[in-house]
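Keep in mind the model is a prediction, meaning the values are calculated, not measured. The figures that follow rest on heavy atoms only: side chains count, while hydrogens, waters and symmetry mates do not.
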Amino acid sequence: MTIHENLTTFGGKPVIDFKRPGDIADFAAVAPRVRCEYDDKETLVDFLSVLIDQPGAAATTALVLGLWMENGEAYEVTPARAIELLVAMKDRLPNLEALFVGDIISEENEISWITQGDLAPIWAAFPGLREVGIRGGNELRLGRVVHGGLRKLVVQTGGLPKAVLRDALEIDAPIDHLELWFGIEDYGGDTAIADLEPLMAGGLFPKLATLGLCNSDYSDDIAARLATSPLLDRISALDLSKGTLTDKGAQALIASGRLGTLERLDISFHYVSPAVVAELARATPKLIADDPQTPDDWDGAPHYYVAVSE
């Protein structure tokens, strides 16, 4: 599975494309998106420069960066120049609270081909940030994140590098929503359950309410460790969707006897049998178990896929 639809809302506002003066009348009411198309001669920096120069652009609270290109190509192109411009022009966007870097769908560039870069400069530049979304893991680094306002971080990848996971788990911010898409080794995902131990031990992110450990090919290991983790007693929403969760992981969660306090458990795109799904539904107030999967047969052995890889 790949990502086929662009964002329609972000930061609580409708996403509206901006390319030319007049495209947006009220910047406070929408989340502007700047992005390239394959017949454009301009770059993302060109479109972003025009947006920042618009009367009223200072009212922008949510901004989306879509496809970036150079010389008509998106492959191995980073958003570095756009990030540099944002940081240089930070005083022109004083109200920015939400930033999404990489609203790119498969028809534009597969998630495993999206090249990011070092996003460390944005944290000090925008102290008002509350929400950051990132799609694509190639060359991504978050840097050392010390931020007084950041509450929500979403990192969507087809393969999450261990170094990025380490950056995320070392964040010093009042995070209450953390969502990570792990992906697979073929596309750069080199994490394992042991790398999540600093989180599972329960000492990180005391304000955490929503936890997404998604798109993982070791979902059963995640579920089994969560079953004994202090996290399960204090979060209100758990998202294990898009991964390879089977009866084994689901039964570990059920056996914990600790799902009753969850307001939502999402396992959508899963390999759990109907009987065990029914058990899960009885164990937690709101279960979302859409899109059940059947493993492939590889020489008599089952093979499981994550939802989003390439």
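Residues Ile235 and Leu211 come closest through the heavy atom pair CD1-CB, 4.2 Å. Nearest heavy-atom pair across Gly143 and Ala120 is CA-CB, 3.9 Å. In plain terms, the two heavy atoms of Ala62 and Gly11 that are nearest each other are CB-CA, 4.2 Å. Across all non-hydrogen atoms, the minimal contact from Pro55 to Phe27 is O-CE1, 3.9 Å. Taking all atoms of both residues into account, the shortest heavy-atom contact from Ala250 to Leu280 is CB-CD1, 3.9 Å. Annotation for His147 and Pro174: closest pair O-CD, 3.5 Å, computed over non-hydrogen atoms.
Residues forming a side chain to side chain contact (heavy atoms under 4.5 Å, CB included) with Pro14 (at least two apart in sequence, or on another chain): Val30. By the side-chain hydrogen bond (donor to acceptor under 3.5 Å, both in side chains) test, Tyr187 is found to be paired with no residue, residues two or more places apart in sequence or in another chain being considered. Annotation: side chain to side chain contact (heavy atoms under 4.5 Å, CB included) contacts of Asn71 (sequence neighbours excluded): none. For Glu185, there are no side chain to side chain contact (heavy atoms under 4.5 Å, CB included) partners at least two apart in sequence or on another chain. Considering only residues two or more places apart in sequence or on other chains, Ala237 meets the side chain to side chain contact (heavy atoms under 4.5 Å, CB included) condition with Thr210, Arg264. Remark: Asp299 engages no residue in a salt bridge (Lys or Arg N to Asp or Glu O under 4.0 Å) (not counting sequence neighbours).
Ser268 pairs with exactly one of Leu240, Asp239, Leu245, Ile288 by the side-chain contact (heavy atoms from CB on, under 4.5 Å) rule, that one being Ile288. Of the candidates Val45, Val101, Asn109, Val101 is the only one forming a side-chain contact (heavy atoms from CB on, under 4.5 Å) with Trp68. Screening Leu142, Leu99, Val145 against Ile122 for a side-chain contact (heavy atoms from CB on, under 4.5 Å) leaves a single residue, Leu99.
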Discussion item. Run the side chain to side chain contact (heavy atoms under 4.5 Å, CB included) test on Leu199 and Phe205 for me, step by step, so that the C-alpha distance in whole Å, both residues' side-chain angles and the decisive distance to 0.1 Å come before the verdict.
Written reply: CA-CA 8 Å; Leu199 176 66; Phe205 310 126; 4.0 Å; yes
Practice prompt. Could you go through the side chain to side chain contact (heavy atoms under 4.5 Å, CB included) check for Leu150 and Ile175 one step at a time?
Written response: CA-CA 6 Å; Leu150 185 67; Ile175 296 288; 3.9 Å; yes
Item to complete: Under the side chain to side chain contact (heavy atoms under 4.5 Å, CB included) rule, what do Arg225 and Ile222 come out as? Steps first, then yes or no, please.
Response: CA-CA 5 Å; Arg225 182 62 185 91; Ile222 290 173; over 6 Å; no
Item to complete: Would you check, one step at a time, whether the test side-chain hydrogen bond (donor to acceptor under 3.5 Å, both in side chains) holds for Ser219 with Tyr271?
Response: CA-CA 10 Å; Ser219 294; Tyr271 296 85; over 6 Å; no
Item to complete: For the pair Ser241 and Asp266, evaluate side-chain hydrogen bond (donor to acceptor under 3.5 Å, both in side chains) and give the outcome as yes or no after the intermediate values.
Response: CA-CA 6 Å; Ser241 67; Asp266 189 348; 4.5 Å; no
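Here the CD atom belonging to Glu279 is positioned 8.0 Å from the OG atom belonging to Ser273, to the nearest 0.5 angstrom. Taking CG from Leu93 and OG1 from Thr61, the interatomic distance works out to 10.5 Å, rounded to the nearest 0.5 Å. Considering CD1 of Ile134 and CD of Glu179, their distance stands at 12.0 Å, rounded to 0.5 Å.
The shortest distance between side-chain heavy atoms of Asn138 and Ile114 does not fall below 4.5 Å. Residues Leu287 and Arg282 form no side-chain contact, since every pair of their non-hydrogen atoms from C-beta on lies 4.5 Å or further apart. Looking at heavy atoms from C-beta onward, Leu86 lies in side-chain contact with Leu65 at the 4.5 angstrom threshold. Contact of the Met200 side chain with the Leu226 side chain is registered, since non-hydrogen atoms from C-beta on lie closer than 4.5 Å. Side-chain atoms of Pro198 and Leu204, non-hydrogen and from C-beta on, do get closer than 4.5 Å to each other. Here the side chains of Leu165 and Val155 are not in contact, with every heavy-atom distance at 4.5 Å or above. Taking the side chain as every heavy atom from C-beta outward, Asp176 and Leu208 never approach each other to under 4.5 Å. In this structure, the side chains of Leu213 and Phe182 come closer than 4.5 Å at one or more pairs of heavy atoms.
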Please table the atom pairs, donor to acceptor, closer than 3.5 Å between any side-chain atom in residues 252-259 and protein atoms at least two apart or in another chain.
unit_1	atom_1	unit_2	atom_2	d
Ser256	OG	Leu253	O	2.6
Ser256	OG	Arg258	N	3.2
Arg258	NE	Asp233	OD1	3.1
Arg258	NH1	Ala227	O	2.6
Arg258	NH1	Ser229	O	3.3
Arg258	NH2	Ser229	O	2.5
Arg258	NH2	Asp233	OD1	3.3
Arg258	NH2	Asp233	OD2	2.9

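Using modelled atom types and a 3.5 Å distance limit, the side chains of Thr246 and Asp220 yield a donor-acceptor pair. No side-chain donor-acceptor contact under 3.5 Å links Asp46 and Ser49.
The main-chain N or O of Val308 is found under 3.5 Å from a side-chain atom of Asn215 such that the two form a donor-acceptor pair. Remark: side-chain polar atoms of Glu197 are not paired, donor with acceptor, to backbone N or O of Ile193 under 3.5 angstrom. Distance alone, capped at 3.5 Å, is enough to place a donor-acceptor pair between the Glu108 side chain and the Ile105 backbone. Here the side chain of Tyr218 pairs no donor or acceptor atom with the backbone of Thr244 at under 3.5 angstrom. Without hydrogens or angle criteria, Thr157 side chain to Trp181 main chain gives a donor-acceptor distance under 3.5 Å. Panel note: side chain Thr191, backbone Lys162; no donor-acceptor pair is recorded below 3.5 Å.
Taking a 4.5 Å side-chain heavy-atom cut-off between Ile, Leu, Val, Met, Phe, Trp and Tyr, the cluster of Phe10 extends to Leu7, Val15, Val64, Phe100. In the hydrophobic clustering, where aliphatic and aromatic side chains (Ile, Leu, Val, Met, Phe, Trp, Tyr) are joined below 4.5 Å either directly or transitively, Tyr75 groups with Trp113.
Val154 is not connected to Ile171 by any chain of hydrophobic side-chain contacts under 4.5 Å among Ile, Leu, Val, Met, Phe, Trp and Tyr, and they are in different clusters. Linking Ile, Leu, Val, Met, Phe, Trp and Tyr residues whenever their side-chain heavy atoms come within less than 4.5 Å leaves Leu169 and Val146 in two separate clusters.
Each salt bridge (charged side-chain N to carboxylate O under 4.0 Å, His left out) pair with one or both residues in residues 10-23, not counting sequence neighbours, appears once here: Asp17-Arg33, Asp17-Arg35, Lys19-Glu37, Lys19-Asp40, Arg20-Glu42. Applying the salt bridge (charged side-chain N to carboxylate O under 4.0 Å, His left out) test to residues at least two apart or on different chains, the pairs with a partner in residues 126-142 are Asp103-Arg135, Glu131-Lys152, Arg141-Asp167. Annotation: salt bridge (charged side-chain N to carboxylate O under 4.0 Å, His left out) contacts involving residues 71-97, sequence neighbours excluded, comprise Asp53-Arg92, Glu70-Arg81.
Around atom CD of Glu263, no more than 12 heavy atoms belonging to other residues, nucleotides or ligands sit under 6.0 Å away.
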